[in-house]
Amino acid sequence: MNSRRPFVIGIAGGTGSGKSTVADAVVAAALPARVAVLPMDNYYKDQSDLPFDARTHVNYDHPDAFDLELYLAHIAQIRRGRAIEMPMYSFEEYTRLLETVRVEPAPVVVLEGILVLFNERLRELMDLRIFVDADPDVRFIRRLQRDILERGRTVESVVEQYMEQVRPMHLSFVEPSKRYADVIIPHGGKNSPALDMLTARIHSLLAAGGVA
Ligand code: ADP
Ligand code: C5P
Ligand code: MG
């Protein structure tokens, strides 16, 4: 491992905008061993102390829903060149799993999540700040399909959560954080010209050996 510190990319955007798709493109542009992806979703606080019904009513779109201190500690460790045991999260149970996943340090580090640009301490760590943009109706449709297929939700629960928490928190925290972006990627995560520019940047960084 060379002594240069990794290049840190932040990828923010609303739910269903395509953040994880952009993060996957960054990994594909390099090699998995050369990118450490730390999704902020893995750092949701565990809600196993609450009865199931109460867990479903926690506001998961507010900054307080995340274990920020653990996230910052793990990012610091990765930046110092040390592996971490990243938590895993169950969206079906609203709990942190007992298993963890080992993430090795790498020359490119990706921080991905709805609020990664909202938080100043996270922003300060980033060399490149990206906001993935998509129309709210498109994001909602993607969210509805994903939450029913992958997260064990019903149409009614997705609609209620969207109206009561996701939408107001998006307007208060996520959308205003767009002002901190260096680059805004429109039309979600399959915008090939934008992804080509991003991956070209990563190739040149890796060819140059990262950043000093
Ligand atoms: P996020 O992580 O921001 O919630 P994802 O990357 O998981 O969003 O994208 C949500 C869904 O939308 C996924 O099924 C993904 O394949 C799809 N998707 C993302 N961007 C686009 C796009 N530009 N066109 C079509 N589908 C897209
Ligand atoms: O991948 P995406 O950006 O959509 O993930 C963030 C979303 O996950 C938030 O909008 C939040 O409402 C949702 N979430 C949830 N249930 C949890 C934790 C997060 O619906 N237990
Ligand atoms: Mg995602």
Side-chain angles (χ1 to χ4, degrees), residues 9-28 37-68 71 86-97 110-119 122 130-175 177-178 181 184-198:
I9 303 176
I11 304 176
T15 182
S17 59
K19 301 179 294 296
S20 304
T21 307
V22 173
D24 290 346
V26 171
V27 173
V37 182
L38 303 185
M40 198 171 171
D41 280 4
N42 287 56
Y43 293 80
Y44 269 116
K45 288 177 184 164
D46 179 65
Q47 302 293 350
S48 51
D49 287 350
L50 296 177
F52 190 84
D53 188 56
R55 289 179 209 167
T56 68
H57 288 97
V58 170
N59 184 346
Y60 294 102
D61 291 80
H62 191 278
D64 291 349
F66 296 88
D67 188 345
L68 179 66
Y71 194 41
M86 182 167 71
M88 289 173 69
Y89 185 75
S90 165
F91 288 93
E92 285 176 310
E93 299 298 325
Y94 304 80
T95 54
R96 192 174 283 176
L97 300 178
V110 172
L111 310 179
E112 180 248 310
I114 50 174
L115 294 174
V116 295
L117 282 186
F118 166 75
N119 187 278
L122 291 173
I130 295 174
F131 190 95
V132 185
D133 220 358
D135 291 336
D137 54 350
V138 172
R139 292 192 295 100
F140 175 75
I141 290 166
R142 289 180 187 152
R143 163 101 179 211
L144 186 65
Q145 290 175 326
R146 181 198 63 193
D147 283 7
I148 290 169
L149 276 175
E150 297 172 18
R151 296 188 177 177
R153 310 291 167 90
T154 61
V155 175
E156 293 72 24
S157 78
V158 177
V159 170
E160 184 185 321
Q161 185 187 12
Y162 193 86
M163 294 307 286
E164 289 182 5
Q165 297 167 342
V166 181
R167 185 174 184 278
M169 298 301 107
H170 179 88
L171 295 175
S172 298
F173 300 118
V174 186
E175 189 67 25
S177 75
K178 196 195 282 183
I184 296 170
I185 299 185
H187 318 306
K190 292 188 182 163
N191 175 339
S192 320
L195 291 180
D196 288 349
M197 287 172 73
L198 179 60

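Note that ligands are numbered from 1 as they come in the structure, with each ligand's atoms numbered from 1 the same way.
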What atoms of ligand 1 come closer than 4.0 angstrom to any heavy atom of Thr21? 5 (P), 6 (O), 9 (O), 15 (C), 19 (C)

Atoms of protein origin (N, O or S) under 2.8 Å from the Mg ion (ligand 3): Ser20 OG

What protein heavy atom sits nearest atom 7 (O) of ligand 1, and how far off is it? Ser20 CB, 4.0 Å

Can you check atom 13 (C) of ligand 1: any protein non-hydrogen atom closer than 4.0 Å? no

Numbering as shown, the atoms of ligand 1 that approach Gly189 to under 4.0 Å (heavy-atom distance): 19 (C), 20 (N), 21 (C), 23 (N)

Verify, without hydrogens or angle tests, whether Tyr89 (side chain) and Asp41 (backbone) share a donor-acceptor contact under 3.5 angstrom. no

Can you find an N/O atom of Tyr60 closer than 3.5 Å to an N/O atom of ligand 2? no

Who's closest to atom 13 (C) of ligand 2 heavy-atom-wise, of His62, Lys45, Arg143? Arg143

So which bit of Lys19 gets within less than 4.0 Å of ligand 2, heavy atoms only: side chain, backbone, both or neither? side chain

Between Arg146 and ligand 2, find which residue part has any heavy-atom pair under 4.0 Å and reply side chain, backbone, both or neither. side chain

How far is atom 4 (O) of ligand 1 from its nearest protein heavy atom, and which residue and atom name does that atom have? Gly16 N, 2.9 Å

Could you tell me whether some N/O pair between Gly188 and ligand 1 is separated by less than 3.5 angstrom? no

Look at the aromatic rings of Phe118 and Phe173 and report parallel, tilted or perpendicular, splitting at 30° and 60°. perpendicular

Between Arg142 and ligand 1, which residue portion shows a heavy-atom distance shorter than 4.0 Å: side chain, backbone, both, or neither? side chain

To the nearest 0.1 Å, how far is atom 21 (N) of ligand 2 from its closest protein heavy atom, and which atom is that? Tyr89 OH, 2.8 Å

So, is His187 polar-close to ligand 1, with some N/O to N/O distance under 3.5 Å? yes

Heavy atom of the protein closest to atom 12 (O) of ligand 2 (residue, atom name, distance): Asp61 OD1, 2.5 Å

Tyr94 N/O to ligand 2 N/O under 3.5 Å: no

Would the Tyr71 and Phe66 ring centres measure less than 6.0 Å apart? no

Without swapping roles, check the side chain of Asp135 against the backbone of Asp137 for a donor-acceptor pair under 3.5 Å. no

heavy-atom search around atom 8 (O) of ligand 1 in the protein gives Gly18 N, 3.2 Å

Between Ile114 and Met169, is the side chain to side chain contact (heavy atoms under 4.5 Å, CB included) condition met? List the steps. CA-CA 10 Å; Ile114 50 174; Met169 298 301 107; over 6 Å; no

Any pair counted as salt bridge (charged side-chain N to carboxylate O under 4.0 Å, His left out), so long as it reaches residues 154-175, sequence neighbours left out: Glu175-Lys178

Nearest-option assignment for atom 6 (C) of ligand 2, heavy atoms, candidates Val132, Asp41, Asp147: Asp41

For ligand 1, is there an atom lying under 4.0 Å from some heavy atom of Ala23? no

Using a 3.5 Å cut-off on N or O atoms only, is Gln161 in polar contact with ligand 2? yes

If only atom types and distance count, is the side chain of Arg55 paired as donor or acceptor with the main-chain N or O of Glu93 below 3.5 Å? yes

Please answer whether the main-chain N or O of Val158 pairs with a side-chain N or O of Arg153 as donor and acceptor at a distance below 3.5 Å. no

At a 4.0 Å threshold, what atoms of ligand 1 neighbour a non-hydrogen atom of Arg146? 4 (O)

Can you confirm whether some protein heavy atom lies under 4.0 Å from atom 1 (P) of ligand 1, or whether none does? yes

Which residue and atom name correspond to the protein heavy atom nearest atom 16 (O) of ligand 1, and how close is it? Lys190 NZ, 3.4 Å

Pull out every atom of ligand 1 sitting under 4.0 Å from any heavy atom of Gly14, numbered as shown with elements. 3 (O)

Within the 4.0 Å heavy-atom cut-off, what Thr15 brings close to ligand 2 is both

Determine whether a donor-acceptor pair (N or O, by modelled atom type, separation under 3.5 Å) exists between the side chain of Asn59 and the backbone of Gln165. no

Of the listed options Met169, Arg151, Arg153, Arg139, closest to atom 20 (O) of ligand 2 (non-hydrogen atoms): Arg153

